[in-house]
Amino acid sequence: SQQGEEDPQALSIQEGENATMNCSYKTSINNLQWYRQNSGRGLVHLILIRSNEREKHSGRLRVTLDTSKKSSSLLITASRAADTASYFCASGGYQKVTFGTGTKLQVIP
Amino acid sequence: GAVVSQHPSWVICKSGTSVKIECRSLDFQATTMFWYRQFPKQSLMLMATSNEGSKATYEQGVEKDKFLINHASLTLSTLTVTSAHPEDSSFYICSARNGTRLLWDYEQYFGPGTRLTVT
C-alpha cells in the first residue's frame, strides 16, 4: 500500500487544549498537505508545506516537515469544538497525492 | 478561491444499473482531475487520474471497465459506475488541479463528494 500512516488514529481533548497529529509517508515528495473532513462531507484544504520547508504556520495551525524521517506533524492550538473532524495528511508527488489513514479528533466543549 | 462541484450529492440506485457522477471546476481550468472513493471511517483511496483529452490512468486494482472516466473538457470530468452492485456503495470524491499552478506547488481542490448507495 502506498498510504501513509497517521498517529494517533483518534484523539479526544478538551476545548482550549492543543492537538498534535503525526503523519508518516513512504516515498519522496514535493509537498505535503493537510486536509480536514467533517463527518460525511468533502475535504477542506488546510495547509501545504513544500519539501524544502521545515515549518509553516496558518492561524492556529502549525505544520512541521522532516523529510529525513519522512514525517510531518500538525498542531492545532487552542482547540475549539468546531475543530472536531477527521484530519488527513496527503503526500504529494508530481502526479498525485497519497492520503494517510487519518486522525479523528474530538474536541469536547 | 477555486471551487469544485459534484453532482449529484447523493444517489440511490438499483443493482445492475449505471450511475454517472459529474465533477466540475467552476472558476479555473483543471488539466488534471482525480477520483477517489472513501469507505466509512476510512481514508481516501485514489481510483484514477484523468488528464483532459486523454485516457484516465487507473490505480492498481481498480476496474477500468467498471469505473468509466471521461475528462472531455478542462472543467468537467465524469465517473460512471457501470452495472453497480451493493459493494460499490461508497463516498466518491473528485478533485481538480489548477493547470496554471506550478507543478511544484500544486494544490488539489476537492469536490463535496457523492454518496452512492446501491440497493
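Labels below follow one simple rule: chain letters A, B, ... track the order of the sequence lines, proteins then strands, and each chain is numbered from 1. Heavy atoms only: backbone and side chains are in, while hydrogens, waters and symmetry mates are out.
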*asked:* Can you tell me how far apart NE2 (A:H45) and CZ (B:F110) are? Round to the nearest 0.5 Å.
replied: 9.0 Å

*Can you find a pair of side-chain heavy atoms, one from A:F99 and one from B:Q38, that are under 4.5 Å apart?*
no

*Would you mind checking which part of B:E59 comes under 4.5 Å of any heavy atom in chain A, side chain (CB onward), backbone (N, CA, C, O), both or neither?*
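B:E59 touches chain A through side-chain heavy atoms alone.
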
*asked:* Heavy atom to heavy atom, less than 4.5 Å: which residues from residues 75-93 of chain B reach chain A?
replied: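 Within residues 75-93 of chain B, near chain A: B:F91, B:I93.
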
Under a single-linkage definition using a 4.5 Å side-chain heavy-atom cutoff for Ile, Leu, Val, Met, Phe, Trp and Tyr, are [X] and [Y] assigned to the same hydrophobic cluster?
X      : Y     : result
B:V19  : B:W35 : yes
A:L43  : B:M47 : no
B:L116 : B:M45 : no
A:I29  : A:W34 : yes
A:Y87  : A:V63 : yes

_Between A:S39, A:A90, A:G42, A:S86, who has the most heavy-atom pairs with chain B when the cutoff is under 4.5 Å?_
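Looking at each option in turn, the highest pair count goes to A:G42.
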
*Within the side chain of B:S43, is there an N or O that forms a donor-acceptor pair under 3.5 Å with the backbone of A:G102?*
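Checked: no pair found.
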
*Give, as side chain, backbone, both or neither, the part of A:Q37 having an atom under 4.5 angstrom from any heavy atom of chain B.*
side chain

